[in-house]
Amino acid sequence: MKNIRLILAASALITYGAVSACTNFIITKGASTDGSVMVSYAADSHSLYGALYHTPAGRFKAGTMLPVREWDTGRYLGEIPQIRETYSTIGNMNEHSLVIGETTYGGREELVDPSGRIDYGSLIYITLQRARTAREAILMIAELANTHGYASSGESFSIADQNEAWIMELIGKGYKDDGQGGNARKGIVWVARRIPDGYVSAHANQARITTFPKDDPENCLYAPDVISFAREMGYFDGRDEEFSFADAYCPADFGTVRGCDARVWAFFRTVADGMDAYEDYAMGYNLKNRMPLWVKPRTKVSPKTVFDCMRDHYEGTPMDMTKDLGAGGHNCPYRWRPMEFEVDGETYLNERATATQQTGFWFVSQARADREADMGILWFGVDDAATSCLTPIFCSAQEVPECFREGNGSMLEYSPTSAFWLFNRTTNFAYMRYDMIAADIRKVTDKWENDRLAEMESLPARTGRMSEAARRNYLTELSVSTAQELFDRWQLLNGYLLIKYIDGNVKSEHGDVLSFLDGDASAAHFVDNGNGQQIPDKIQFPGYNEKWKRAVAADNGEVLRVRK
């Protein structure tokens, strides 16, 4: 039975791995320590360059058209009418503290509309320019997709403002010729549920909304044909009250649960009690034991906890990626793609944890009802969340830091002033000696993020008497200067790690990485032999972990054994 499950997983993961694989965690204001609504997002793709997008607010003449290009590929989809006035956006947040994240679940292939003129990425960024609240955004997404045709596969959206957080799931209706060269099925079917205050939720490339109330518009919105269309297509034939969006439009299987919903479970088990009861579901062994859409955390969740949950590799679970032999001699929690491999006719999988090497950018947004809407924060980072760092970018910022700017490098062009390339260079070095190097990086990350979080608490005292324009200028400058400070700090860290760990050695030092970065960035930091020639002393050779040594001995011991 286990081998059958693994084969099913492999086939599902091939399909799942072809799309951008992302993770969203959602925290309502009543569930957070500071009263903020938070949404996290990792934009994971092997071809996505990590940059911070910015669109200034605008005013447009009647008849202006907006070109639409598919976010993932750059493919031109066509034009749609521009509206008269748009809002400023930076990243996935706009000037009113509205944020939208997403994960692609794919769903039924026949429901993709090849004639659609707006893709899921364009839905996000165009909606951010046109909506002020989460409810407005939900209706705007539906209107845009129904008017212009939806060009992507199934999506889950996290949509939040200063007061509410929602999950919206949608999928197209496929293509049916209307006899005039158009699509008789243009548009989407969808449902959106508001997460109860005091709870947290999540999604990660698998549809999560099952049954939903049909008569509670304060907490649940949906397309009028979401059930009737499923009946028409033969996806559902039960009573309306039994209808499950996920089961109709994206049935779960071993692969989508193990490769996707398991990340939701990892987050839930970190912040809430009782989640071990769903371990068999997360591992794909009992699909009937489905997790709830949201859970109540055992204690209120801090922003730093959310940051760190995005760094998870299933530590402390049977799927812990640091424990098996695949982690190598230094407990590396990564497995290079493809997502599956075959040995002697049996197929096996590589885990897909929350933190992953192919992250383009990631963020944790904060929207607080006790602050001005233009003071929302997009904590932004690039590359693998486990070995990168977040810096605060204010939602009303009118300038992008140079290190995050679009056009400053690309996936095919290295730039020495790009944060994406700097963090990738540091992190790829860390993968070689992960147990040691990642620990040093984490010290720097924790200090930086905790210090910046403390600074954000005192922010109202600095901006309280400013005009709106003055506050916006101040927040822009603070966003840019802080990001540059992080970039400069990471440059020092990159050099420190190379000196300390070059060629598999570990140089002894006076103090640690934090003392080096906080003013001791000189040759005097490392232990020398005392002869004034900067020659290192007390070099360490820690070798490999015990599992690795035993595996090598078992594999090639007859050749490697020392003869006495």
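Note that these values count all heavy atoms, side chains included, but never hydrogens, waters or copies made by symmetry.
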Practice task
May I have the step-by-step check of side chain to side chain donor-acceptor pair (under 3.5 Å) for Glu164 and Trp166, ending in yes or no?
Solution key: CA-CA 7 Å; Glu164 297 184 337; Trp166 293 71; 3.1 Å; yes
Please determine whether a side-chain nitrogen of the Lys or Arg among [X] and [Y] lies less than 4.0 Å from a carboxylate oxygen of the Asp or Glu.
X      : Y      : result
Arg472 : Glu95  : yes
Glu546 : Arg550 : yes
Glu449 : Arg311 : yes

Practice task
For Gln533, check side-chain contact (heavy atoms from CB on, under 4.5 Å) against everything at least two apart and list the hits.
Solution key: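 Partners of Gln533 under the side-chain contact (heavy atoms from CB on, under 4.5 Å) test: Ile535.
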Which pairs with one or both residues in [range] pass salt bridge (charged side-chain N to carboxylate O under 4.0 Å, His left out), sequence neighbours excluded?
range            : result
residues 294-303 : Asp273-Arg298
residues 461-471 : Asp374-Arg471
residues 326-336 : Asp324-Arg335
residues 400-414 : Glu402-Arg405

Exercise for the section: May I have all residue pairs that pass ring-ring contact (aromatic ring centres under 6.0 Å, His included) and include part of residues 461-490, sequence neighbours excluded? Expected result: Phe423-Trp490
Flag if over 12 foreign heavy atoms under 6.0 Å of [atom1], [X]:
X      : atom1 : value
Met411 : CE    : yes
Lys507 : NZ    : yes
Gln534 : CD    : no

For [X], what residues pass the ring pair (Phe, Tyr, Trp, His ring centres under 6.0 Å) criterion, not counting sequence neighbours?
X      : answer
Phe157 : none
His96  : Tyr87
Phe307 : Trp379

Problem - Test: Arg263 cationic atom under 6.0 Å from Trp265 six-membered ring centre, within 45° of axis - result: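 No - Arg263 does not lie over the ring of Trp265 by the 6.0 Å and 45° rule.
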Handout entry: Side-chain donor/acceptor of Arg452 to backbone N/O of Leu390, under 3.5 Å
Key = no
Completion exercise
Residues Cys309 and Thr270: closest non-hydrogen pair is SG-CG2, 3.7 Å
Problem - Closest approach of Gln540 to Ser508 (non-hydrogen atoms, all atoms of both residues) - result: NE2-OG, 3.1 Å
Practice task
Would you sort out whether Tyr431 and His330 count as a side chain to side chain donor-acceptor pair (under 3.5 Å), showing the intermediate values?
Solution key: CA-CA 9 Å; Tyr431 292 154; His330 293 284; over 6 Å; no
Practice task
Please determine, by modelled atom types, if Asn473 and Glu477 share a side-chain donor-acceptor pair under 3.5 angstrom.
Solution key: no
Practice task
Name all residues meeting the side-chain hydrogen bond (donor to acceptor under 3.5 Å, both in side chains) criterion together with Tyr199; count only those two or more places apart in sequence or in a different chain, and write none if there are none.
Solution key: none
Exercise for the section: With sequence neighbours left out, write down each residue that passes side-chain hydrogen bond (donor to acceptor under 3.5 Å, both in side chains) with Asp320, or none if nothing qualifies. Expected result: Thr322
Practice task
Hey, can you tell me if Tyr414 and Trp421 have their rings parallel, tilted or perpendicular (30° and 60° cut-offs)?
Solution key: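 Ring orientation of Tyr414 relative to Trp421: tilted.
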Practice task
Could you label the plane-to-plane angle of the Phe526 and Phe516 rings as parallel, tilted or perpendicular, counting under 30° as parallel and over 60° as perpendicular?
Solution key: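 Rings of Phe526 and Phe516: tilted, 30 to 60°.
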Practice task
Let me see the working for Asn350 and Tyr334 under side chain to side chain donor-acceptor pair (under 3.5 Å), right down to the final yes or no.
Solution key: CA-CA 9 Å; Asn350 288 315; Tyr334 296 97; over 6 Å; no
Practice task
Find out whether Asp384 and Trp362 are in side-chain contact, i.e. whether some heavy atom of one side chain is under 4.5 Å from a heavy atom of the other.
Solution key: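 SC-SC contact between Asp384 and Trp362 ruled out.
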Problem - Stepwise side chain to side chain donor-acceptor pair (under 3.5 Å) check, Asn545 with Asn331 - result: CA-CA 8 Å; Asn545 62 38; Asn331 305 331; 2.8 Å; yes
Exercise for the section: Tell me, please, which residues at least two apart from Asp370 pass salt bridge (Lys or Arg N to Asp or Glu O under 4.0 Å). Expected result: Arg368
